[in-house]
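Let me begin by presenting the structure, written as structure tokens, before commenting on it.
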Amino acid sequence: MAAIAMVAILGAAMPAMQIARDIRTVLVLAGDARVATRQDRPPACLRSTGSDAIGGVGEACQAVGRLRTTGQPLLFLLGPLGLVPGFGGADQIPALLDVTLAFCRAASIGQSLVRDLDATPGSSGERVLALTSRRWSDLRSLADELDGALEIESRLDERRFAGTLAPAGSVVRRLRALRPSIETARDAARDAEAIVGEALGANGPRTYLILGQNNEELRATGGFIGTIGVMTVDRGRIVRSDFRSSYDWDGATEYAQLPPAPLMQYMGFARWYLRDANWWIDYQESAREIRRFWSESQGDTIHGVIAVDRGALDLVLAALGGVDVPELGGFVTAAQATESLDRQRRQIAVQRNHAAYHETKTALLNALSKAIMARALLTPPVDALPAIAASLICGLETKHILLNFAHPEMAALISGAGWDGRVAAWPGDVLAIVDTSVSYGKTAPYLRKSGVYRRAQDGNVTLTVRYENGFTPVPGGQWDPLIDGTFFDWRAGVFRRVQGAWVGFVRILLPPDTTVDAWSGWDDRVTRLPDEGGLLTVGGPILVYPGEARLVTLSYRLPPEVRASPLKVLAQAGGIAYSLHVLYPSGPAAHHTIEDRDVVVTAG
């Protein structure tokens, strides 16, 4: 009898383990939409999306459904199985199955909505408006299923899964990491009619600024604003779409006030234009100032500011498989777009003067932007919708897309998801290393960065950051205006030209009430700047010539209440990926790559 009972227990457990492996596979596929992208490789977010991911979800759902239907009599045996060595957490398998079934029901509703969307006439915006109005009860059911799944998930303890069932623990951990996105999806589904109506102009036109940030030329919120687009949506239709080089807006977007002091001192600015307005590290601060100024200078009420960088462009192009842009020579993919743009901009006729360069740049980017919008927003093929959605979510979660909305409900929604680029203190040690180019040129791809953080028992910290400029100039070669290397020598009061040179204004964000004791390596005094997000902010310039490496060091004392807490490292949107070694008073050193997600480094 004991042998029969053990066989029955194992018979119930083995399908559950298979389901756990199936669920893990599905969540790995979903997690691929969260994989970070590096500047030196193509995006990995979309590796397993679309039909492959949908097929995996369907297979897992069918398996879970079969187990819940045919294996119900055996599930009660999973509790005793947890006492068997190597089967830790077996009693949690039914709850894990319930979580999965809730997600399966939500996925089924979602698939029905997508089919309905495809059958609805009109532009994408008009179709979405009509769908949210017609299927509001299904959207709320979708929200309820997600809410139920999250409630069950909160009761699971991934640490209890062990031995053969250890993969189930990794499933729960991955699910927990996805929780903010799932909560956002739940809230959006529950309030879809009001939110979608507000965003798509159901109650009147809504105008958005689209900022094209080039992170090859570093700025605090991602990159230099090379293009500015104005898009107005009215009852779901895009009624205005005007994308230009940011220089083309200069006459209408000059600030009445002086630029921040570091821009005047280290870039030689006497005027301040919108293209340089993303000075604040906190994207909400930068966006609010941009929205206010645009409204005052243009007379338009701006309802949101959306920033995208080259990574976001690559993600959407990869999801679409490419778009046809005659101005760029025909059909272009994510891998070809940047090369095609640069090839056109490097033509001799284009380089003959400043006006010709920006006229060509405006025409090319306008053509590319409109082609992407037409394909992704106006008439997207239904079979591409999962990939498009995955690319947008990936861009939001890896800070390649930043959102700002004037509408309070929409602002709260994106803030909860962490998609608003907000800088906020947290109850512990925190660090951000933010680089802003104050020289001219696209030198970021050649910069290498690494850091070491050492914390002593008494709360004294030494932070050392190394910058290396890997650009190799060609002796006697033609000046490359895209890479450039012009910088303002603030000590002599003159502009200098060194191909590939980089001057960065490096800001360090620290916990409030931190005391800075010493600094070294900067090329001018490190000064206290206005706090952002309640964090102490200091910064100064550093000049790195091609082939040169420079070190900067900051010594400071943490306030007593955070001296033993984990360190949270804030990633800069569109910033340089860098390695950071963290050494606590005890325990081994921790090594992390800081890319496009914040990282919490625990002690020991």
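Note that the numbering runs from 1 along the sequence shown for the chain.
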Spacing of [X] atom [atom1] and [Y] atom [atom2] [to the nearest 0.5 Å]:
X      : Y      : atom1 : atom2 : result
Asp531 : Asp282 : CG    : CG    : 12.0 Å
Ile195 : Leu200 : CD1   : CG    : 11.5 Å
Leu142 : Arg105 : CG    : CZ    : 12.0 Å
Ser141 : Ile109 : OG    : CD1   : 5.0 Å
Ser108 : Leu101 : OG    : CG    : 12.0 Å
Ile576 : Leu218 : CD1   : CG    : 5.0 Å

Sort out for me which residue in Arg219, Glu285, Glu289, Gln213 forms a side-chain hydrogen bond (donor to acceptor under 3.5 Å, both in side chains) with Asn278.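 Considering Arg219, Glu285, Glu289, Gln213, a side-chain hydrogen bond (donor to acceptor under 3.5 Å, both in side chains) with Asn278 is found only for Gln213.
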
Find out whether [X] and [Y] are in side-chain contact, i.e. whether some heavy atom of one side chain is under 4.5 Å from a heavy atom of the other.
X      : Y      : answer
Leu211 : Ile290 : yes
Tyr283 : Val305 : yes
Leu146 : Phe103 : yes
Val423 : Trp280 : no
Trp279 : Thr436 : yes
Met410 : Glu198 : yes
Val434 : Leu570 : no
Val316 : Val308 : no

Of all heavy-atom pairs between [X] and [Y], which one has the smallest distance, and what is that distance?
X      : Y      : answer
Tyr440 : Glu217 : CA-OE2, 4.3 Å
Asn404 : Gln284 : ND2-OE1, 2.8 Å
Ile152 : Asp98  : CD1-CB, 3.8 Å
Glu145 : Ala106 : CB-CB, 4.0 Å
Ile401 : Ala312 : CG1-CB, 3.6 Å
Val99  : Leu175 : CG1-CD2, 3.7 Å

Got a donor-acceptor contact below 3.5 angstrom from the [X] side chain to the [Y] backbone?
X      : Y      : result
Trp249 : Leu274 : no
Asp300 : Ile302 : no
Ser391 : Ile388 : yes
Ser439 : Thr486 : no
Thr120 : Arg127 : no
Glu532 : Ile281 : yes
Ser154 : Glu151 : yes
Asn214 : Phe224 : no
Trp294 : Gln298 : no
Arg176 : Glu153 : yes

Is the [atom1] atom of [X] crowded by more than 12 outside heavy atoms at less than 6.0 Å?
X      : atom1 : result
Arg190 : CZ    : yes
Arg237 : CZ    : no
Arg179 : CZ    : yes

By the salt bridge (Lys or Arg N to Asp or Glu O under 4.0 Å) test, which pairs, at least two apart or in different chains, include something from residues 131-140?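 For residues 131-140, and leaving out neighbouring residues, the salt bridge (Lys or Arg N to Asp or Glu O under 4.0 Å) pairs sorted by first residue read Asp116-Arg134, Asp116-Arg135, Arg135-Asp138.
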
Derivation and outcome, side chain to side chain contact (heavy atoms under 4.5 Å, CB included), residues Leu263 and Phe505: CA-CA 9 Å; Leu263 292 180; Phe505 190 82; over 6 Å; no

With a 4.0 Å cut-off, would you call Asp598 and Lys399 a salt bridge?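 Salt bridge present between Asp598 and Lys399.
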
Trp419 ring center within less than 6.0 Å of Phe405 ring center: no

After noting the C-alpha distance and the side-chain angles of Met231 and Ile306, does the key distance pass the side chain to side chain contact (heavy atoms under 4.5 Å, CB included) rule? CA-CA 11 Å; Met231 186 172 69; Ile306 302 169; 5.8 Å; no

Check the pair Ile483 / Thr443 against side chain to side chain contact (heavy atoms under 4.5 Å, CB included), numbers first and verdict last. CA-CA 6 Å; Ile483 296 173; Thr443 51; 4.3 Å; yes

Do Arg240 and Thr207 meet the criterion of a side-chain donor-acceptor pair at a distance under 3.5 Å?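 No - no donor-acceptor pair under 3.5 Å links their side chains.
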
Please lay out, stage by stage, how Ile225 and Asp276 fare under the test side chain to side chain contact (heavy atoms under 4.5 Å, CB included). CA-CA 7 Å; Ile225 301 174; Asp276 298 303; over 6 Å; no

Can you list every pair that meets side-chain hydrogen bond (donor to acceptor under 3.5 Å, both in side chains) and has a residue in residues 301-311, with sequence neighbours left out?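 Listed by first then second residue: Asp309-His400, Arg310-Thr338.
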
